[in-house]
Amino acid sequence: MEITPLSGQEIDQFRTQTKGTAQRIHFNNAGASLPPDVVVETMVNYLNEEAIYGGYETEFKYKDQLDNTYALIARLINADKEEVALVENASTAWILAFNGVDLQKGDEVLTCEMEYVTNLIGLLNAKKTLGINIKVIPNDQNGNFSLEALEATISPKTKLIAVTHIPSTAGGMIPIVEIGKIARKHGILYLVDACQSIGQIPVDVREVGCDMLAVTGRKYLRAPRGTGFLFVRKPVQDQLKLLFIDGFTAPTVTENDFKVRNDARRFELYEKNRALTMGLGKAVEYALNIGVDRIWQRVQYLSGLLRSRLASIGGITVHDMGDQKCGIVTFSVNGTDCQTVKNLLAEKNINVSVGKAISTLFYMNKNHLSSTVRASVHYYNTEEEVDILCEALETMAK
């Protein structure tokens, strides 16, 4: 089906609905996007009602809208709402999923060189405490993940494949659908970190074939900080250990036993910030109303434009590799420290971030990078903003 590109009029409308775009040029969407005004208003209004009517009373009033957040997320990733748990961020989601797997001494976990620091620490901790073996599937010389190497590395001891779809400090992508086919073929559990993906690129968990998906809200979903979700496929939920349990996790309790919920909300605790849940739901709804396929088309266009412009400027090196690239653009300015580049751009009201080696250690070490400048575009950014950024960098590189 042909995708209708976002029109100039629509982009103007999105920017009008996002007050931050009038103040700054925001190319730090991979850190935290500027939220739509309606997301902020939804949370503020909810908090005001809590202050007037009481927390539990306000929750009861909005119970249907709060519950609808699960349905909206399920629609976003093509899951059932019973397969969605709300958590604080993607790291929490990943930790719950990974540590829920019954790993034993000698089990193998296969991962990629783009794995995020939280996940690497989790893997190393399991190696230290449980005696598992970690096997990293490297990208090839062109920056593409090797499916052949993955297949060749699988053994009877392989218990889990855990990969990050889009890395923190690079513009490439991992082929999660193709990896999913290999995982299914061998009957291996499959965990995907989609922290940078959701809201940027369409992700269908049925197509991907993942058992678990870890997501944050603050990045490309344009939701508030402190929001995220975990997808766990229904047949896998009973296979995962629970790291903590309360009366919400296990609503059936006797003096001698308890029974956990029969849906993914078993991975939650009862107490959470309901205003954030409302904001997350509104952000997901906002993205669905636009269409993530249209968002992805716009993000690819703007990031491609930015890369080509940067590549034409002497003294700037673009570091992104791989056949498929995303909205994250990483580069360095010769002779200028990345943090200094960020600070100088901030003086011109341009937001970028610094990608540190620790964030994606395998990849950064392999490519001898201690840091990069990270400019991450979103659909509400404009060609003019790309021009302004490149002009500022060109002056800096001279």
Short N-O contact, Lys185 and Glu151, less than 4.0 angstrom:
yes
Distance check, rounded to the nearest 0.5 Å: Asn119 atom CG versus Asp193 atom CG?
5.0 Å
Salt bridge present between Asp320 and Arg374 (N-O < 4.0 angstrom)
no
Ignoring hydrogens and angles, tell me if any N or O in the side chain of His378 forms a donor-acceptor pair with the backbone of Tyr220 under 3.5 Å.
yes
Salt bridge check, Arg15 against Glu385: does any charged N sit closer than 4.0 Å to a carboxylate O?
yes
Is there a side-chain contact between Gln17 and Phe14 in this structure, where contact means two heavy atoms from C-beta onward sitting under 4.5 Å apart?
yes
On the six-membered ring of Tyr363, is Lys366 placed so that its NZ or CZ lies under 6.0 angstrom from the centre and within 45° of the ring axis?
no
Does the Thr227 side chain pair with the main chain of Leu276, one donor and one acceptor, at a distance under 3.5 Å?
no
Establish, from distance only, whether the side-chain atoms of Asp204 and Asn78 form a donor-acceptor pair under 3.5 Å.
yes
Establish, for the pair Arg265 and Tyr70, whether the NZ or CZ atom is under 6.0 angstrom from the six-membered ring centre and no further than 45 degrees off its axis.
yes
Looking only at heavy atoms, what is the nearest atom pair of Phe231 and Cys210, with distance?
CE2-O, 3.5 Å
Under a 3.5 Å distance rule, please check whether Arg274 uses its side chain to pair with a backbone N or O of Lys272 as donor and acceptor.
yes
Side-chain donor or acceptor of Glu113 paired with backbone N/O of Asn139 under 3.5 Å:
yes
Counting heavy atoms not belonging to Phe248, are there more than 12 under 6.0 Å from its CZ?
yes
Step through the shown structure and confirm whether more than 12 heavy atoms of other residues, nucleotides or ligands are within 6.0 Å of CD1 on Ile358.
no
Note: Ser371 and Val354 closest approach over all heavy atoms is CB-CG1, 3.9 Å
Residue pair Leu302 / Tyr379, side-chain heavy-atom distance below 4.5 Å:
no
Is there a chain of hydrophobic side chains (I, L, V, M, F, W, Y, each step under 4.5 Å between heavy atoms) that links Val163 to Leu361?
no
Donor-acceptor pair, distance only, cut-off 3.5 Å: does the side chain of Asp257 make one with the backbone of Thr254?
no
For Ser7 versus Arg294, what's the shortest heavy-atom pair and its separation?
N-NH2, 4.5 Å
Is any side-chain heavy atom of Ile161 closer than 4.5 Å to a side-chain heavy atom of Leu150?
yes
Considering only NZ, NE, NH1 and NH2 on the basic side and carboxylate oxygens on the acidic side, decide whether Arg298 and Glu383 come within less than 4.0 Å.
yes
Lys NZ or Arg CZ of Arg261 over Phe258 ring: under 6.0 Å, within 45°
no
With sequence neighbours excluded, what pairs up with Ser33 under the side-chain hydrogen bond (donor to acceptor under 3.5 Å, both in side chains) test?
Asn29
Backbone N or O of Leu369 within a donor-acceptor pair of the Asn367 side chain at under 3.5 Å?
no
Flag yes if Met396 and Ile316 sit in one hydrophobic cluster, no otherwise; membership is Ile, Leu, Val, Met, Phe, Trp, Tyr, and two members link when side-chain heavy atoms are under 4.5 Å apart.
yes
Counting only N and O atoms by type, is there a donor-acceptor contact under 3.5 Å from the side chain of Glu268 to the main-chain atoms of Leu86?
yes
Validation row: Leu306, Cys390 side chains within 4.5 angstrom (heavy atoms)
yes
Counting only N and O atoms by type, is there a donor-acceptor contact under 3.5 Å from the side chain of Lys219 to the main-chain atoms of Ile198?
no
Any donor-acceptor N/O pair, Thr164 side chain to Pro167 backbone, under 3.5 Å
no
Got more than 12 heavy atoms from elsewhere within 6.0 Å of NZ, Lys241?
yes
Hey, is Lys282 close enough to Asp37 for a salt bridge, meaning N to O under 4.0 Å?
no
Is there a path of hydrophobic side-chain contacts, each under 4.5 Å between heavy atoms of I/L/V/M/F/W/Y residues, joining Ile188 to Val109?
no
Using 4.0 Å as the upper bound for N to carboxylate O, is an ion pair formed by Arg206 and Glu83?
yes
Would you mind telling me which of Val215, Ile166, Thr216, Ile201 makes a side-chain contact (heavy atoms from CB on, under 4.5 Å) with Gln196?
Ile166
Residues, nucleotides or ligands: over 12 heavy atoms within 6.0 Å of Tyr56 OH
no
For Thr372 and His319, which I'm curious about, is there any donor-acceptor pair between the side chains at under 3.5 Å?
no
Checking the side chain of Ser303 only, and the main-chain atoms of Gln300 only, is there a donor and an acceptor separated by less than 3.5 Å?
yes
Any side-chain heavy atom of Leu96 within less than 4.5 Å of one from Leu240?
no
For Tyr380 and His26, take the angle between the two ring planes, folded into 0 to 90°, and tell me which bin it lands in: parallel under 30, tilted 30 to 60, perpendicular over 60.
parallel
Do Asn343 and Glu347 have side-chain N/O donor and acceptor atoms under 3.5 Å apart?
no
Shared hydrophobic cluster, Ile388 / Val386 (ILVMFWY, side-chain heavy atoms < 4.5 Å):
yes
Going by atom types alone, do Arg222 and Thr18 pair a side-chain donor with an acceptor below 3.5 Å?
yes
Co-membership, hydrophobic cluster, residues Trp94 and Phe244, 4.5 Å side-chain:
yes
Count the heavy atoms of every other residue, nucleotide or ligand shown that sit under 6.0 Å from NZ of Lys325, and state whether that count exceeds 12.
yes
Please determine if Asp387 and Arg309 form a salt bridge, counting it only when a charged side-chain N lies under 4.0 Å from a carboxylate O.
yes
